[in-house]
Amino acid sequence: MSKRYLITSALPYANGALHLGHLAGAYLPADIYVRYLRLLGKDVVWVCGSDEHGAAITIRAKKEGVTPQEIIDKYHELNKSTFDRLGISFDYYHRTSALLHHETSQEFFLKLYHKGGEFEEREVEQYYDEDFDQFLADRYIVGTCPKCGHEEAYGDQCENCGSDLSPIELANPRSTLSGKTPVLKKTKHWYFKLEKHEPWLRKWIEEGMLEGAPHHDPRAWKRHVVGQCLSWLDGGLQPRAITRDLPWGIPVPLPEAKGKVLYVWFDAPIGYISSTRQWGKEHGKDWELYWKDKDTTLIHFIGKDNIVFHCIVFPAMLKAHGEYNLPVNVPANQFLNFEGRKFSKSRGWGIEQHEYLEEFRDFPNKEDALRYALIRNMPENKDTDFKWDEFIDFHDKELADNLGNFVNRVVVLSNNYFGGQAPQSGISLKDALAEVRALAQALRTEIDSFNFRQAVLTLMEISSWGNTYLQDVSPWKLHKENPDDPAIRDCMYVSLQIVALLSLLCEPFIPFTAPKVRRLLGLPPIERGVLQEAFDKLEAGEPLLPVGHPIGKAELLFAKIVDRKDDSRLQIVNRQREKLQQVMAAEQPAAAAAPAKAEIQYDDFARLDLRTGVIIAAEKVPKADKLLKLTVGLGPEQRTIVSGIAQHFDPETLPGQPVVVVANLAPRKLRGIESQGMILTAENEKGELQFVSAPKGWGNGLEVK
RNA sequence: GGCGUGGUAGCUCAGCUGGUCAGAGCGCAUGAUUCAUAAUCAUGAGGUCGGCGGUUCAAGCCCGCCCCACGCUACCA
């Protein structure tokens with residue numbers, strides 16, 4: 001058993017709010033795990049924080065006419081307080097703009113730099129803005145995409161066609177700072193030689209071996225995590241740039257690196273370290289024990305988009321540094337979808353965490369209702385779907401009908417029969433609670449192996465066991481026969497023990513409800529280590545709630561959503577469903593006016609030679625999913641045109657299809673076939689294509705103007 | 001096309017290194033019950049474990065091929 005634990009959750013990027021998928025992916029599971037460890041009295045620290053560097057933040061600031069600092073302050077505060085309100089119980093929520101983080105990152109960089117062999121320097125040509133006197137990050141350059149002609153393509157990527165670009169490829173490059181044409185200048189950057197770490201990384205991930213000794217059980221890692229890592233390793237690792245020419249970020253601590261900062265991906269994971277340092281500073285603890293001591297277990301909670309980073313890149317950095325522990329597990333979750341689609345802020349699909357809290361402000365137990373629904377559907381091994389229907393079912397049928405109702409029955413019966421005291425009983429708890437103990441034990445194992453969905457079901461099994469038990473004994477029947485029947489006292493005594501156990505076991509999952517159950521039972525608030533004590537008592541056959549212990553008055557834990565006497569809660573949920581209806585309704589009229597391209601002159605248009613044509617033959621291009629090789633008749637002439645429409649049309653149906661062709665487009669080879677033109681199509685909002693053409697039989701090779 | 005992960009009862013999903021692994025929850029049907037939030041409990045309904053081959057005494061679980069979904073990636077002149 002490990003002496004102490006260090007848990008991390010992915011640092012949220014401080015330029016936006018987080019939605020329910022984020023919560024279910026990296027924060028809620030970690031919260032369950034950490035709360036559970038605390039209940040067991042383990043020495044555990046859970047760190048997180050805002051990731052506040054990177055070009056995206058400066059660009060956003062520029063667009064909104066504010067400083068980057070204002071952006072990160074806004075979202076740091078928003079995310080931090082939202083987490084807090086949802087009961088996400090970080091030990092420390094730091095931020096990477098903090099001085100301590102800058103120092104930590106620079107120290108880390110220098111350690112690798114002075115060690116030698118980890119970095120390489122490369123001279124590259126990069127665009128430079130002479131007005132602003134600085135090199136331009138890829139994102140600071142826009143220009144015409146060489147692939148699709150989109151005029152607002154970024155230096156690293158064209159958002160129109162999705163191509164990955166290098167700034168050098170752009171036609172008409174412009175600086176987003178000055179708007180002027182940048183000049184190419186030489187600049188130097190440092191690269192982390194990731195590839196040299198490949199051999200040990202493979203052994204570490206595949207076999208769990210590190211430096212010849214067992215480090216972790218590779219079978220305990222999720223399959224998709226190992227799979228993706230090995231896939232990456234098979235693809236061969238490349239050196240990764242770790243510096244940028246940017247004014248926003250952590251300065252590279254070398255005299256020759258003026259104006260350069262650490263690339264955000266390098267400094268962000270070090271944020272875990274600096275967050276721990278800051279925590280140690282404020283709590284008088286030695287942070288290094290948590291990162292460097294062999295008896296510390298390090299676990300990263302992340303979403304699947306971060307797998308490679310946390311399983312390959314960051315471990316390589318830590319190993320290169322030499323003093324740090326490597327993660328024992330990286331239980332990455334897959335993605336949560338929302339009512340059948342991906343979360344999409346721009347399309348209004350989904351709900352953000354702070355929005356939920358706002359919309360559900362009048363919903364009792366809103367935090368636990370949400371947490372429970374997310375846990376039950378947590379994307380542990382594959383993408384899952386959040387649905388309001390299920391939200392209602394989980395809440396009403398499991399939290400209210402099963403758990404809440406059981407607690408209520410026990411409290412009410414205790415009050416009715418014994419005046420609100422735990423009754424006298426000589427029953428052997430060891431025997432009576434044998435099955436409950438086994439379930440509790442199973443729950444432990446499930447949390448230990450990061451199976452939170454199963455764990456919460458096991459929790460429900462315990463209260464379900466209690467319901468069945470009550471039904472079997474039926475103390476209300478016995479009471480009619482003989483109110484002094486000792487079986488009644490035994491039954492209620494045992495039931496009270498189960499509720500007491502539930503008050504602890506449920507805390508990691510529904511921490512807002514647990515204290516209420518404690519109060520109902522007249523038990524003290526939950527403290528670190530109480531679950532371990534409870535387990536010990538159970539093993540010894542001792543009560544968690546002794547004879548004569550005063551019980552509080554009954555109170556409902558969960559007010560059902562579907563309730564014939566009060567539909568206020570249902571209305572709150574229904575408003576969310578209506579919102580989705582509206583979003584879908586708004587999509588129908590395809591309203592979106594085409595995003596206007598820049599104005600052109602008639603001459604620009606006249607340079608196009610557009611012709612009518614007809615498809616004579618069509619076949620799939622081998623080894624390409626999207627490409628069709630078309631033979632198109634343009635009057636007397638025949639052309640070969642390769643077009644990316646294979647996913648929209650069956651080649652067999654195409655011969656005879658009239659089309660319009662850009663006839664004077666420069667030829668280009670695609671998958672080894674020369675394409676001599678381009679077919680025009682129109683795409684609707686669903687992404688479906690239709691050909692643009694004159695009516696069938698109108699004629700081929702005719703000019704279109 | 002390459003790589004990764006999935007394809008198990010109407011729905012949502014568990015099934016670890018092959019032999020009580022054919023399961024859970026919801027839904028459905030019938031019955032019991034009233035302490036409780038129209039809650040609870042019992043019983044049942046038979047899914048060829050994506051398809052086809054193969055290895056094995058024995059295969060959802062191993063191998064090969066194929067189909068489908070999702071993700072990453074290449075190709076949408």
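Chain identifiers are assigned alphabetically (A, B, ...) following the order of the sequence lines, protein sequences preceding nucleic acid strands; residue numbering begins at 1 within each chain.
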Sub-4.0 Å heavy-atom contacts from residues 487-502 of chain A onto RNA chain B, ordered by number: none
Can a salt bridge be assigned to the pair A:Lys560 and A:Asp566 using a cut-off of 4.0 Å between side-chain N and carboxylate O? no
Which pair of heavy atoms, one from A:Gly552 and one from A:Val411, lies closest together, and at what distance? O-CG1, 3.5 Å
Looking at A:Trp349, I'd like to know if the NZ or CZ of A:Arg341 sits under 6.0 Å from its six-membered ring centre while staying within 45 degrees of the ring's axis. yes
Distance, P atom - from B:C3 to B:G44, rounded to whole angstrom: 47 Å
Quick check: does any side chain N or O of A:Asp396 sit under 3.5 Å from a backbone N or O of A:Val562, one acting as donor and the other as acceptor? yes
Rounded to the Å, how far apart are A:Trp465 CH2 and B:C41 C1'? 14 Å
Just call it for A:Gly404: base, sugar-phosphate, or nothing, with non-hydrogen atoms closer than 4.0 Å on any strand. base
Can you measure A:Leu403 atom CG to B:A39 atom C1' for me and round it to whole angstrom units? 13 Å
Give the ring-plane orientation class for A:Phe391 versus A:His395, where under 30° counts as parallel, over 60° as perpendicular and anything between as tilted. parallel
If each of A:Arg409 and A:Asp401 is mapped to the nucleotide of RNA chain B with the nearest heavy atom, which maps nearer the 5' terminus, i.e. the 5' end? A:Arg409
Is A:Arg489 salt-bridged to A:Asp484, cutoff N-O under 4.0 Å? no
Proximity to the side chain of A:Asp393 - top-ranked nucleotide from B:U12, B:C26, B:U40: B:C26
Rounded P spacing from B:C63 to B:G7 in Å: 15 Å
Closest heavy-atom pair, A:Thr458 versus A:Ala442, reported as atoms and distance to 0.1 Å, is CG2-CB, 4.4 Å
Below 4.0 angstrom from OP1 or OP2 of B:A14, is there any side-chain N or O of A:Lys382? yes
Give me the distance, rounded to whole Å, that separates B:C57 from B:G71 when you measure between the C1' atoms they each carry. 41 Å
For the rings on A:Phe309 and A:Phe314, is their centre-to-centre separation under 6.0 Å? no
A:Trp221 vs A:Trp204 aromatic rings, parallel, tilted or perpendicular, using cut-offs 30° and 60°? perpendicular
Here the distance between atom P of B:U17 and atom CD of A:Glu206, to the nearest Å, is 15 Å
Taking atom P of B:A39 as reference, at what distance in whole Å does atom CZ of A:Phe406 sit? 18 Å
Rounded interatomic separation in angstrom, taking CD1 from A:Ile561 and C1' from B:U37: 13 Å
To the nearest 0.5 Å, what is the distance between CG on A:Asp567 and CD1 on A:Ile572? 10.0 Å
For RNA chain B, just give me the dot-bracket, please: Watson-Crick or G-U, both distances below 3.5 Å, ( ) intra-strand, [ ] crossing earlier pairs, | paired with another strand, . unpaired. (((((((..((((.........)))).(((((.......))))).....(((((.......))))))))))))....
Under 4.0 Å, heavy atoms only, any strand: does A:Asn405 hit a base, just the sugar-phosphate, or nothing? base
According to a strict under-4.0 Å criterion, is A:Ser464 in side-chain N/O contact with OP1 or OP2 of B:C41? yes
Is a salt bridge present between A:Arg639 and A:Glu637, judged by a nitrogen-to-oxygen distance below 4.0 Å? yes
I need the CG-C1' distance between A:Leu399 and B:C26, as an integer number of Å. 15 Å
Under-4.0 Å side-chain N/O to phosphate OP1/OP2 contact, A:Ser643 with B:A77: yes
Anti or syn, where syn is a glycosidic angle within 90° of 0; which label fits B:G60? syn
What's the gap between B:G23 and B:U33 when it is taken at their P atoms, as a whole Å value? 30 Å
State which of B:U33, B:C26, B:U37 makes the closest approach to the side chain of A:Trp476. B:U33
Would you tabulate the nitrogen or oxygen pairs shorter than 3.5 Å linking the protein to nucleotides 70-72 of chain B?
from	atom 1	to	atom 2	distance (Å)
B:C70	O2'	A:Asp383	OD2	3.3
B:G71	OP1	A:Lys342	NZ	2.6

Could you check whether A:Asp389 pairs with A:Arg577 (Lys NZ or Arg NE/NH1/NH2 to Asp/Glu carboxylate O, under 4.0 Å)? yes
Nearest atoms (heavy-atom pairs only) where A:Ala455 meets A:Glu446: CA-OE1, 3.3 Å
Contact class for A:Glu398 (heavy atom, under 4.0 Å): base, sugar-phosphate, or nothing? sugar-phosphate
Please classify the nucleic acid contact of A:Val411 as base, sugar-phosphate, or nothing, using heavy-atom distances under 4.0 Å. nothing
Gap between atoms CG and P, on A:Asp396 and B:U37 respectively (whole Å): 15 Å
A:Leu413 or A:Phe394, whichever maps to the more 5' nucleotide of RNA chain B: A:Phe394
Looking only at atom P, what distance separates B:U73 and B:G15, rounded to whole Å? 28 Å
For A:Phe335, is the NZ or CZ atom of A:Lys342 found under 6.0 angstrom from the centre of its six-membered ring and inside 45 degrees of the ring axis? no
For nucleotides B:C72 and B:C11, find the distance between their P atoms and express it as a whole number of Å. 27 Å
Euclidean distance for P, B:A32 against B:C70 (whole angstrom): 49 Å
Options B:U5, B:C35, B:C13, nucleotide nearest the side-chain atoms of A:Arg223: B:U5
Determine the contact category for A:Leu628: base if any of its heavy atoms lies under 4.0 Å from a base atom, sugar-phosphate if only primed atoms, P, OP1 or OP2 are that close, otherwise nothing. nothing
State whether A:Arg453 places a side-chain N or O below 4.0 Å from either non-bridging phosphate oxygen (OP1 or OP2) of B:G25. no
For B:A45 and B:A59, measure between their P atoms and round to the nearest Å. 25 Å
Interatomic distance, A:Leu439 CG vs B:A24 P [rounded to whole Å]: 15 Å
